[in-house]
Amino acid sequence: MAEPPTGQVLRSLGATHRRRLREIWRSAGWPCQDLIEVELLAAGLLQRQRDGDGRESLRVTDAGIALLAATLQKNRAARDAHEALVARVAREMQRAGRVVWRGLMLRAKVGTGDDAAWAMAMPDVYSIRHTTVEDYVEPVAHEIKVHRADLLADLRRPEKAQAYLHNSSQCWYVLREGIGAADEIPVEYGVMVARESALEVLRPAPKRPLKLPFSVWMTLARAAPEPLDDASQGWLGAPPADD
């Protein structure tokens, strides 16, 4: 299989080009005849072809398939790194005596007055204290970032911070080491960095009193909390597991 193009041509291709390439791979290959298509043809990632009736279509070349495969591997590696850090934060919250959920979708009202609107908050890790007293629940949201581009995209959406604050008494960014600094993060968030040995607090999260809305309780009731699968969480006095 041919290698994807390299050098200046490859650097000029962005996410839009890769998305179009995937669309053509999954479709019948009918041409759009726009500039994105021109650049993909010039890069050798697409090829024009005609059928017996003279109708033109596009096919992804071997070089285009190689580029799609390389993009798939890169995206898979990014997801794996993100999920590994999400799981690490979830375990730390469980060890702190909290009930933990991953991948929740929580409704939140952002903005004020005529500009107010409902939005969805989707924290990577959401947890509450293991308590029977409602005032002591202290809901906490953790947003996990392993790539700087993803972090910067988040910081350009101030409404996202509002949505998290609507449903949490504390909000945290947890950053992979080297992708950002605490002073880049809005002051409403605490900041942790994931070192190899521990999650290090760079800036504590402000703590605010918050009584969970009934809608959040209903969402938690419908969702399954993260299972306790860490051997260190066994009952005190339990016999050690057999080798």
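Residues: numbered from 1 along the sequence shown.
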* Asked: Are M93 and L199 in one and the same hydrophobic cluster, where Ile, Leu, Val, Met, Phe, Trp and Tyr link if side-chain heavy atoms are under 4.5 Å apart?
  -> yes

* To do: Mind listing the closest non-hydrogen atom pair of T61 and G44 along with its distance?
  => OG1-O, 2.6 Å

* To do: Check the pair Q49 / E56 against side chain to side chain contact (heavy atoms under 4.5 Å, CB included), numbers first and verdict last.
  => CA-CA 6 Å; Q49 56 187 11; E56 183 178 288; over 6 Å; no

* **Under 3.5 Å: donor-acceptor pair, side chain of S57, backbone of G29** => no

* To do: Please round to the nearest 0.5 Å and tell me the distance separating atom CG of L212 and atom CG of L220.
  => 6.5 Å

* Asked: Ignoring hydrogens and geometry, is there a side-chain-to-backbone donor-acceptor pair from R203 to V191 under 3.5 Å?
  -> no

* Asked: Does atom CZ of R208 have more than 12 heavy-atom neighbours from other groups under 6.0 Å away?
  -> yes

* Closest approach of A223 and W101, non-hydrogen atoms and distance? -> O-NE1, 3.5 Å

* Tell me whether L40 is reachable from W30 by hopping between hydrophobic residues (I, L, V, M, F, W, Y) whose side-chain heavy atoms are closer than 4.5 Å. => no

* Asked: Which distance, rounded to the nearest 0.5 Å, do you find between the CD1 of I36 and the CG of L41?
  -> 11.5 Å

* **Residue pair W25, L58: steps toward the side chain to side chain contact (heavy atoms under 4.5 Å, CB included) verdict** => CA-CA 9 Å; W25 171 254; L58 300 171; over 6 Å; no

* To do: Ignoring hydrogens and angles, tell me if any N or O in the side chain of Q94 forms a donor-acceptor pair with the backbone of P227 under 3.5 Å.
  => yes

* Asked: V140 and H142: side chain to side chain contact (heavy atoms under 4.5 Å, CB included), yes or no, with the steps?
  -> CA-CA 7 Å; V140 175; H142 288 82; 3.4 Å; yes

* When you look at V137 and W217, which way does the side chain to side chain contact (heavy atoms under 4.5 Å, CB included) test go after all the steps? -> CA-CA 11 Å; V137 164; W217 284 119; 3.9 Å; yes

* Nearest non-hydrogen partners of L21 and G64, listed with the distance -> CD2-O, 3.7 Å

* Asked: Should E200 and M192 count as side-chain neighbours, where that means a heavy-atom distance under 4.5 Å?
  -> no

* Show your working on salt bridge (Lys or Arg N to Asp or Glu O under 4.0 Å) between D34 and R20 and close with a plain yes or no. => CA-CA 11 Å; D34 60 5; R20 177 66 64 80; 2.7 Å; yes

* Go through the steps to decide whether R88 and E83 satisfy the test salt bridge (Lys or Arg N to Asp or Glu O under 4.0 Å), and finish with yes or no. => CA-CA 9 Å; R88 182 178 172 186; E83 287 306 302; over 6 Å; no

* Answer with yes or no whether the hydrophobic clustering places V100 together with V86; edges join I, L, V, M, F, W, Y residues whose side-chain heavy atoms lie under 4.5 Å apart. => yes

* Where the side chain of D53 meets the backbone of R55, is there a donor-acceptor pair that is under 3.5 Å apart? -> no

* To do: Calculate, to the nearest 0.5 Å, the distance between atoms CG and CD1 belonging to L202 and I185 respectively.
  => 9.5 Å

* Measuring from L67:CG to R18:CZ, what's the distance to the nearest 0.5 Å? -> 5.0 Å

* To do: May I ask you to decide if I144's main-chain N or O and D124's side chain share a donor-acceptor pair within less than 3.5 Å?
  => yes

* Can you tell me how far CD1 of I24 sits from CG of L45, rounded to the nearest 0.5 angstrom? -> 10.0 Å

* From CG (L46) to CD (E39), nearest 0.5 Å -> 11.5 Å

With a 3.5 Å cut-off and sequence neighbours excluded, list the donor-acceptor pairs that the side chains of residues 165-182 form with protein atoms.
unit_1, atom_1, unit_2, atom_2, d
N167, ND2, R107, O, 3.2
S168, OG, Y164, O, 3.2
S169, OG, P139, O, 2.9
Q170, NE2, A205, O, 3.1
Y173, OH, D154, OD2, 2.9
R176, NE, V146, O, 3.1
R176, NH2, V146, O, 3.1
E177, OE2, R195, NH1, 2.6

* To do: Show your working on salt bridge (Lys or Arg N to Asp or Glu O under 4.0 Å) between R48 and E37 and close with a plain yes or no.
  => CA-CA 11 Å; R48 290 179 292 181; E37 192 172 286; over 6 Å; no

* To do: Answer whether the closest heavy-atom distance between the side chains of M122 and L106 falls below 4.5 Å.
  => no

* Checking Q47 side chain against R59 main chain: does a donor-acceptor pair fall under 3.5 Å? -> no

* Asked: Ignoring hydrogens and geometry, is there a side-chain-to-backbone donor-acceptor pair from R98 to E138 under 3.5 Å?
  -> yes

